[in-house]
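Here's the structure we're looking at; comments come further down.
Excluded from the calculations below are hydrogen atoms, water molecules and symmetry mates; all remaining heavy atoms, backbone and side chain alike, are included.
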Amino acid sequence: MVGVPASEALTGWAVGSPGPIGDGPLVRVRRAMPSPGSGELLLTVEACGVCRTDLHLAEGDLRPHRASTVPGHEIVGRVAAVGESVTGFRAGDRAGGAWLRSTCGHCRYCRAGRENLCPASLYTGWDADGGFADIALVPADYAYRLPEDQDAAQLAPLLCAGIIGYRALRRSALPPGGRLGIYGFGASAHLAAQVALSEGAIVHVLTRSARARELALDLGASSVGGAYGHPPEPLDSAILFAPVGDLVPVALEALDRSGTLAVAGIHLTDIPVLNYRRHLFEERNLRSVTSNTRQDGRDFLDTAARIGMQVTVSPYPLSRADQALTDLAADRVSGAAVLVPG
């Protein structure tokens with residue numbers, strides 16, 4: 001192990017008993033300082049984004065993979081120590097930890113460049129402790145190099161909200177200059193919209209949040225409306241970011257012929273019965289989005305830097321992680337919530 005950790009203990013939050021956020025599923029924890037194993041980075045956390053997946057884990061929408069796990073998978077930190085066999089990082093470097101934590105590397109999906117579908121894949125904040133703490137362990141092979149000259153809180157949402165939004169945009173098969181509908185406009189959506197706009201798309205946003213509609217217009221959306229409303233023109237593509245299955249037929253019906261709807265969330269409430277002629281006929285397509293590949297992450301981070309992406313954040317001290325999740329559940333967060341230790 002190279003480098004010396006800055007403290008002797010890890011402090012943060014873990015999911016105790018999953019349940020409604022109002023029942024306090026997050027609990028404070030203080031644990032012995034972890035040591036990086038072979039191939040791992042020990043990060044002093046500078047910021048960690050709060051993803052809706054963290055809320056799903058806390059409330060039990062996603063089954064816990066292990067007891068008392070520290071959530072959080074949008075981690076920006078400084079390398080405090082490196083484990084054996086690590087190359088490319090050294091103590092003091094800035095690094096990012098994201099949702100995809102490891103894959104097997106040899107299954108047919110990994111060999112085909114579709115590691116996001118690896119049956120043996122593991123995830124930060126679900127299979128291993130994440131970034132709702134002042135210290136985090138991240139496998140070096142799945143970490144991202146991050147710019148030194150940007151604020152950590154601005155970088156954190158890029159590591160999941162940005163990456164998965166980018167993959168969802170690509171899964172939506174948006175043609176050049178196409179008409180894109182975005183349903184729900186939180187952390188991921190406000191970043192994906194900027195990529196689409198930079199590529200010449202016409203963007204229509206449909207969301208229940210008045211604050212989110214204002215942000216969408218500020219970023220360049222052509223129209224905004226309620227979540228169950230109708231866009232002003234047929235859509236070539238749509239992305240559903242809100243975890244609401246009732247919106248699937250709404251978005252499908254808004255598509256033009258051969259249009260594609262990509263469902264971006266890891267969790268979705270039940271989808272109502274679809275009518276074949278109204279929702280699927282004329283070669284409309286319905287696609288899911290499953291995690292991301294590391295190449296998605298690299299491509300998105302390059303794109304974000306190139307277009308000068310604007311990241312809207314609502315910062316919270318790490319000590320108020322439970323409040324950040326409560327506000328996220330109530331749609332009181334503008335853009336992305338971010339935890340900042342200290």
| message | Evaluate Arg78 against Asp93 for salt bridge (charged side-chain N to carboxylate O under 4.0 Å, His left out), listing each step before the verdict. | response | CA-CA 6 Å; Arg78 292 284 175 184; Asp93 286 347; over 6 Å; no
| Gap between atom CG of Asp134 and atom CE of Met33 - 0.5 Å precision | 7.0 Å
| request: Using side chain to side chain donor-acceptor pair (under 3.5 Å) as the criterion, list what pairs up with Glu253, not counting sequence neighbours. | output: Arg278
| Option passing ring-ring contact (aromatic ring centres under 6.0 Å, His included) with Trp126 (candidates His73, His56, His65) | His65
| request: Specify whether Phe185 and His190 have parallel, tilted or perpendicular ring planes, treating 30° as the upper limit for parallel and 60° as the lower limit for perpendicular. | output: perpendicular
| request: State whether Tyr142 and Arg294 meet the cation-pi test: NZ (Lys) or CZ (Arg) under 6.0 Å from the six-membered ring centroid, and within 45° of the perpendicular axis. | output: yes
| message | Check this for me: Asp270, atom CG, are more than 12 non-hydrogen atoms of other residues, nucleotides or ligands nearer than 6.0 Å? | response | no
| message | Surrounding CD of Glu148 (heavy atoms of other residues, nucleotides or ligands, distance under 6.0 Å), is the total greater than 12? | response | yes
| For Ser17, which residues count as a side chain to side chain donor-acceptor pair (under 3.5 Å) partner, sequence neighbours excluded? | none
| field | Within 45° cone and under 6.0 Å: Arg320 NZ/CZ vs Tyr316 ring | value | no
| query | Does a sphere of radius 6.0 Å around CZ in Arg287 hold more than 12 heavy atoms from other residues, nucleotides or ligands, not counting ones at 6.0 Å or beyond? | reply | yes
| remark: CG (Leu62) and CD1 (Ile266) are apart, to the nearest 0.5 Å, by 5.0 Å
| task | Take Arg170 and Asp299 through the salt bridge (charged side-chain N to carboxylate O under 4.0 Å, His left out) test and state the conclusion after the steps. | result | CA-CA 11 Å; Arg170 297 302 179 235; Asp299 290 345; over 6 Å; no
| request: Could you tell me which residues satisfy side chain to side chain donor-acceptor pair (under 3.5 Å) with Ser172, sequence neighbours excluded, listed by chain and number? | output: none
| Separation between CG of Leu137 and OG of Ser35, rounded to the nearest 0.5 Å | 8.0 Å
| said: If you count heavy atoms of other groups shown closer than 6.0 angstrom to CZ of Arg90, is the number above 12? | reply: no
| task | Might you confirm whether atom CZ of Arg257 has over 12 heavy atoms from other residues, nucleotides or ligands at distances under 6.0 Å? | result | no
